[in-house]
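Below is one structure, written out as structure tokens; the observations come after it.
Letters go in sequence order (proteins before strands), and every chain restarts at 1.
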Amino acid sequence: AQSVAQPEDQVNVAEGNPLTVKCTYSVSGNPYLFWYVQYPNRGLQFLLKYITGDNLVKGSYGFEAEFNKSQTSFHLKKPSALVSDSALYFCAVRDGASNTGKLIFGQGTTLQVKP
Amino acid sequence: NAGVTQTPKFRILKIGQSMTLQCTQDMNHNYMYWYRQDPGMGLKLIYYSVGAGITDKGEVPNGYNVSRSTTEDFPLRLELAAPSQTSVYFCASRTSGQSYEQYFGPGTRLTVT
């Protein structure tokens, strides 16, 4: 079965420190991976994706993600966290069992950046 | 472009009532999706559509119905509302092709009491 796991319900970092939000996946075929961010009372916003190519993917707001095939991981990173990065982050994978582009989402990780 | 819009933003229903959640996109996207978001559970796919006139069930379709008469609109119908349908509902759309990223509306917060 295809799935996405975000092992941490919450990640706390101090402003200015690097941050990592973890994601692992299980999918048949080549993985198409995504990160989304959700601010309070808002819809999900697309941050970045990996489809093919370089393992380090750069996205919006200074975020990047590293694809690791051997570890089946796609961790989200940022070199220097901002208080405004505090939000709920979702990792997602395309459902490879269909051609409809359905996404399978992880349960989400709350990022708290403290001043 | 307004992107994906959803109405209403909030709604309280009594058990057994019905309602329609509206979703419209102005990006000419063929693919549209309805999700529900429950705390700590991520997003679960309710229904999706690959084009006007074509819909199919997702992971959690029971208690819901959809239609897609135009490219722009993808309403979600709740018949006989139940407390288990208390949730935040998101509509999303994407273009055809291999990019696959979906664009989300702002959501509808529904409470059934």
Side-chain angles (χ1 to χ4, degrees), chain A residues 1-10 21 23-25 27 29-53 57 59-60 63 65 74 87-110, chain B residues 2-10 21 23-25 27 29-51 54-61 68 74 88-110:
Chain A
Q2 302 180 93
S3 63
V4 174
Q6 294 180 241
E8 302 153 317
D9 288 336
Q10 183 157 326
V21 183
C23 171
T24 59
Y25 65 91
V27 65
N30 292 325
Y32 288 26
L33 295 155
F34 304 83
W35 275 102
Y36 284 83
V37 60
Q38 185 182 29
Y39 298 101
N41 301 312
R42 304 287 293 276
L44 277 70
Q45 295 179 33
F46 170 74
L47 273 180
L48 51 78
K49 68 182 178 187
Y50 172 84
I51 294 181
T52 187
V57 178
S60 306
F63 284 93
F74 189 54
L88 182 57
Y89 290 81
F90 289 99
C91 182
V93 65
R94 182 184 71 104
D95 181 354
S98 80
N99 61 357
T100 58
K102 292 187 289 182
L103 296 181
I104 299 167
F105 285 85
Q107 70 271 34
T109 298
T110 298
Chain B
V4 180
T5 57
Q6 292 181 240
T7 57
K9 285 189 167 54
F10 305 95
L21 281 66
C23 174
T24 299
Q25 53 91 10
M27 297 174 282
H29 286 171
N30 284 330
Y31 293 82
M32 296 187 74
Y33 307 84
W34 273 106
Y35 296 91
R36 59 177 287 170
Q37 182 182 26
D38 300 303
M41 301 293 290
L43 279 76
K44 302 292 185 187
L45 183 65
I46 306 171
Y47 269 95
Y48 66 96
S49 170
V50 301
I54 307 170
T55 64
D56 205 350
K57 295 177 181 179
E59 210 178 340
V60 290
R68 184 98 182 269
F74 190 40
V88 182
Y89 292 84
F90 289 102
C91 179
S93 72
R94 74 169 183 93
T95 187
S96 304
Q98 310 241 329
S99 59
Y100 292 110
E101 65 261 29
Q102 296 178 15
Y103 296 89
F104 284 77
T108 294
R109 184 175 295 274
L110 175 68

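With a 4.5 Å cut-off on non-hydrogen atoms, A/Leu44 touches chain B through its backbone and its side chain both. Looking at A/Ile104, neither its backbone nor its side chain comes within 4.5 Å of chain B, counting heavy atoms on both sides. B/Leu43 touches chain A through backbone and side chain together, each having a heavy atom under 4.5 Å away. Contact annotation for A/Gln38: only side-chain heavy atoms (C-beta onward) come within less than 4.5 Å of a heavy atom of chain B. With a threshold of 4.5 angstrom between heavy atoms, B/Gln37 approaches chain A through side-chain atoms but not through N, CA, C or O.
Dense packing is recorded around CE of B/Met27, with more than 12 heavy atoms of other residues, nucleotides or ligands lying under 6.0 Å away. Surrounding CG of A/Asn30 are at most 12 heavy atoms belonging to other residues, nucleotides or ligands under 6.0 Å away.
Options B/Met41, B/Arg94, B/Gln102 differ in how many heavy-atom pairs under 4.5 Å they form with chain A, and the most are formed by B/Gln102. Of all the listed residues (A/Leu103, A/Asp9, A/Leu88), the one sharing the greatest number of non-hydrogen pairs under 4.5 Å with chain B is A/Leu103.
Under the 4.5 Å side-chain criterion, counting only non-hydrogen atoms from C-beta, B/Phe104 is not in contact with A/Arg42.
Note that the NZ atom of A/Lys102 and the OH atom of B/Tyr31 stand 12.0 Å from one another [nearest 0.5 Å].
With B/Tyr100 contributing its side chain and A/Phe34 its backbone, the two residues share no donor-acceptor pair below 3.5 Å.
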